[in-house]
Amino acid sequence: MAYLSPSLYMVTIEQLYALYRQHPQICTDSRSIQPGSIFWALRGERFDGNRFARQALDAGAAYCIVDSRDGQTDPGRCLLVSDTLEALQLLATHHRKQLHIPVIAIGGSNGKTTTKALVAAVLRQHYTCSATEGNLNNHIGVPLTLLSIPPTAEVAVVEMGTNQPGDLDLLCQIAQPTHGLLTNIGKEHLEKLGSIAGVKKAEGELFDYLAHYDGCAFVNLSEKHLKTLARRVRKKIFYAEINADSRRLLPPGTLVVKRLPPDPFVRAQFSAEPSQSMEVRTQLLGLHNFHNVMTAIAVGLYFKVPAEKIKTAIEAYCPENNRSQIIAWGNNTIFLDAYNANPSSMEAALGVLKEAEAQRKVAILGDMLELGQATEAEHRALIRRVERAGVDQSVFVGPLFSQYRPKRSKSLFFPDVSAAREWFSRQRFEHAFLLIKASRGVGLEKLLTFSDLSEATQRLH
C-alpha cells in the first residue's frame with residue numbers, strides 16, 4: 001500500500017484525492033507540464049521522474065508526487081509517497097469508486113484501439129462518454145485514463161492491454177469494470193505468454209473478473225475461444241455474423257449482423273427492431289474490421305443508442321495514427337497499419353491485400369517483436385505465406401526477417417527502415433495497393449517521409 005510520508009502532514013489517500021480534485025490534470029512528463037497540473041514522478045527503466053520535480057514546478061506544476069527525498073526539492077509542494085506508481089493506481093481506483101457509471105473494459109489480442117474508438121464514437125452519440133486516449137492501456141495508462149474521467153461522464157470505455165500473466169487482473173482491480181469484451185484471441189506477446197493457451201489464460205482474466213463480480217460480457221460468437229472463455233460469466237450479450245449456417249446454431253437472443261459485399265470498404269447490415277434494417281458503410285477495410293464494427297453495434301444497441309446514431313458514428317469514423325490508415329497517393333492506395341504486428345494481425349492484413357482491387361499488389365512488412373521462442377518459426381512462416389499469396393512484390397524489413405531470409409527467395413529484404421526507404425523513394429508505383437505493416441518498434445511508417453506524400457489525401461471518399 002502506497003502512503004504519504006508521515007513527515008509531510010500525515011496525508012492520506014483521501015487528502016491526496018482532495019488535492020487531485022483541485023488540480024485534476026495529472027502529468028507524467030515534465031516537458032509537457034500544464035500550469036496548475038500535478039506532476040507524477042514515475043520511474044522507468046531509463047528515467048527517474050524524481051529528478052525532474054524541480055523542473056516541473058518551475059514549468060507551472062502545482063504539486064509534485066515523488067518517492068525519493070532527492071526529488072523533494074520543495075517540501076511544501078513535493079509530496080513524498082513510498083511508491084509513485086502504486087500511489088497513482090490507488091488514486092485512480094479511489095476516483096473510480098466515486099463514479100457510479102458503467103465502465104466498459106476492452107481487451108483482446110488485436111483491434112483493441114480501433115474497437116475502443118468505434119465503441120466510444122457510438123456511445124458519444126447518445127451519452128457523455130469518456131474513453132482511453134491513444135494507446136494508454138497498461139499499468140500506467142489505465143490509471144491515467146481513469147483519472148481523466150470527469151464527474152459529468154455517463155459512461156467510460158477503458159482499453160486494457162496485456163503482455164504477461166496477471167496484467168489484466170491488475171487492471172481490472174484498478175478500473176473495476178461493470179462490462180467488458182475481448183476482441184479476439186491471437187498470437188500476441190508470445191515471449192511472455194508462450195502460446196495460444198497462454199494468451200487465452202491471460203486475456204481471459206477480464207472475463208474471470210466479470211464472472212467474479214457479476215459483470216456483463218459482450219461475446220462475439222464469430223471469434224474462436226470467446227464463448228468458452230466467457231462460460232463462467234452469468235450476464236452475457238452474444239452477437240455474431242449471420243450466414244446461411246449460423247442462425248440455427250446461435251443461442252436465442254443473439255444479435256446477428258450481416259456482412260455486405262465491400263465497396264471496397266466494410267459494409268454491414270443490422271436490425272435494431274424486426275421491422276428496422278440499417279445499413280452501415282464504413283471507412284475501414286478487412287474482415288477483422290467488420291468484427292470491430294459488429295462489436296460497436298452490439299454495445300450501442302445494448303446501451304439503447306438509436307440505430308440511426310450508431311450508423312452515423314460508425315460511418316464518420318476514420319482511422320488514423322498508423323492504424324488501418326488508408327492513404328490515397330496518386331493513383332495508388334496505401335494501407336498503413338504500422339502501429340502493431342503479430343502473426344494473427346499480419347494474417348488479417350494480408351486478407352485486406354488479397355481482397356483489394358488493384359493492378360499491382362505490394363506487401364511491405366516489418367519485423368514482429370515480442371514473440372520469444374516462436375520468433376524464428378513465425379517469421380519464416382510469414383515469409384512463406386506471403387510468397388505463396390500471389391502478391392506482385394513482397395518486401396521484408398528488419399533484422400529478424402533478414403536473418404531468416406530463405407536462400408531462394410524472390411522477395412526483397414532490407415535490414416532496417418533507412419535502407420528500405422532508399423529503395424522505396426526510387427519506385428514509381430502505378431495503380432498499386434501497398435500494404436505497410438510492422439511492429440511499432442520497427443518504425444515502418446518512416447517509409448512515407450518524402451515530399452510526394454504531402455499531397456496525399458487521407459480519405460478515399
Side-chain angles (χ1 to χ4, degrees), residues 93 96-109 111-112 115-132 137 142 145-146 149 153-162 168-185 200 202-241 250-257 270-272 291-307 309-310 313:
T93 300
R96 164 67 185 96
K97 291 178 179 178
Q98 319 309 310
L99 301 169
H100 305 292
I101 60 174
V103 173
I104 306 166
I106 295 181
S109 296
K112 291 186 295 296
T115 300
K116 175 262 302 181
L118 286 167
V119 168
V122 166
L123 293 175
R124 282 173 178 151
Q125 288 285 319
H126 204 60
Y127 301 98
T128 301
C129 174
S130 185
T132 300
N137 65 11
V142 167
T145 294
L146 294 171
I149 301 175
E154 296 174 296
V155 61
V157 182
V158 181
E159 181 181 337
M160 296 182 178
T162 179
L168 278 185
D169 181 60
L170 170 65
L171 297 180
C172 285
Q173 296 297 332
I174 294 171
Q176 301 179 2
T178 56
H179 301 71
L181 64 93
L182 297 174
T183 55
N184 48 54
I185 300 295
K200 288 167 60 178
E203 294 288 358
E205 291 171 4
L206 172 54
F207 284 166
D208 291 342
Y209 178 90
L210 294 174
H212 185 76
Y213 290 97
D214 203 26
C216 177
F218 297 91
V219 184
N220 181 358
L221 297 178
S222 297
E223 286 283 0
K224 294 180 180 179
H225 312 300
L226 299 186
K227 184 179 181 181
T228 301
L229 288 175
R231 65 188 180 279
R232 292 177 51 242
V233 182
R234 187 176 67 86
K235 302 174 185 176
K236 291 185 281 281
I237 306 300
F238 292 124
Y239 59 100
E241 177 184 358
L250 296 174
T254 299
L255 167 69
V256 293
V257 181
F270 69 97
S271 297
H291 283 233
N292 298 337
V293 167
M294 190 163 56
T295 299
I297 292 170
V299 174
L301 290 178
Y302 173 84
F303 282 101
K304 295 181 170 49
V305 179
K309 289 186 176 182
I310 294 175

Side-chain heavy-atom pair [X], [Y] within 4.5 angstrom cut-off:
X      : Y      : value
Phe207 : Leu182 : yes
Asn184 : His291 : no
Gln125 : Ile310 : no
Asp208 : Asp169 : no
Leu221 : Pro251 : yes
Asn137 : Lys112 : yes
Val157 : Val299 : no
Cys216 : Ile237 : yes

Kindly give the heavy-atom pair with the smallest separation between [X] and [Y], and that separation in Å.
X      : Y      : value
Arg232 : Ala211 : O-CB, 3.4 Å
Ala272 : Leu301 : CB-CD2, 3.8 Å
Gly107 : Glu203 : C-OE1, 4.1 Å
Thr183 : Gly108 : OG1-CA, 3.4 Å
Cys172 : Leu206 : SG-CD1, 3.6 Å
Ile185 : Leu226 : CG1-CD2, 4.0 Å

Give a yes or no answer on whether the side chain of [X] reaches the backbone of [Y] with a donor-acceptor pair at less than 3.5 Å.
X      : Y      : answer
Lys116 : Ile106 : no
Thr93  : Ile174 : yes
Ser222 : Glu241 : yes
Arg234 : Asp214 : no
Arg231 : Thr228 : yes
Thr132 : Glu159 : yes

Quick one: [atom1] on [X] to [atom2] on [Y], what's the gap to the nearest 0.5 Å?
X      : Y      : atom1 : atom2 : result
Tyr302 : Ile104 : OH    : CD1   : 9.0 Å
Glu205 : Met160 : CD    : CE    : 11.5 Å
Leu171 : Thr145 : CG    : OG1   : 10.0 Å
Gln173 : Arg96  : CD    : CZ    : 12.0 Å
Gln98  : Leu146 : CD    : CG    : 12.0 Å

side-chain contact (heavy atoms from CB on, under 4.5 Å) between Leu181 and Thr115, worked out
CA-CA 10 Å; Leu181 64 93; Thr115 300; 4.3 Å; yes
In terms of heavy-atom contacts, does NZ of Lys309 have more than 12 from other residues, nucleotides or ligands at under 6.0 Å?
yes
Could you check whether the rings of Phe303 and Tyr127 sit parallel, tilted or perpendicular, using 30° and 60° as the cut-offs?
perpendicular
What residues form a side chain to side chain donor-acceptor pair (under 3.5 Å) with Gln176, not counting sequence neighbours?
none
List for me each residue that meets ring-ring contact (aromatic ring centres under 6.0 Å, His included) alongside Phe238, sequence neighbours excluded, and say none if there are none.
none
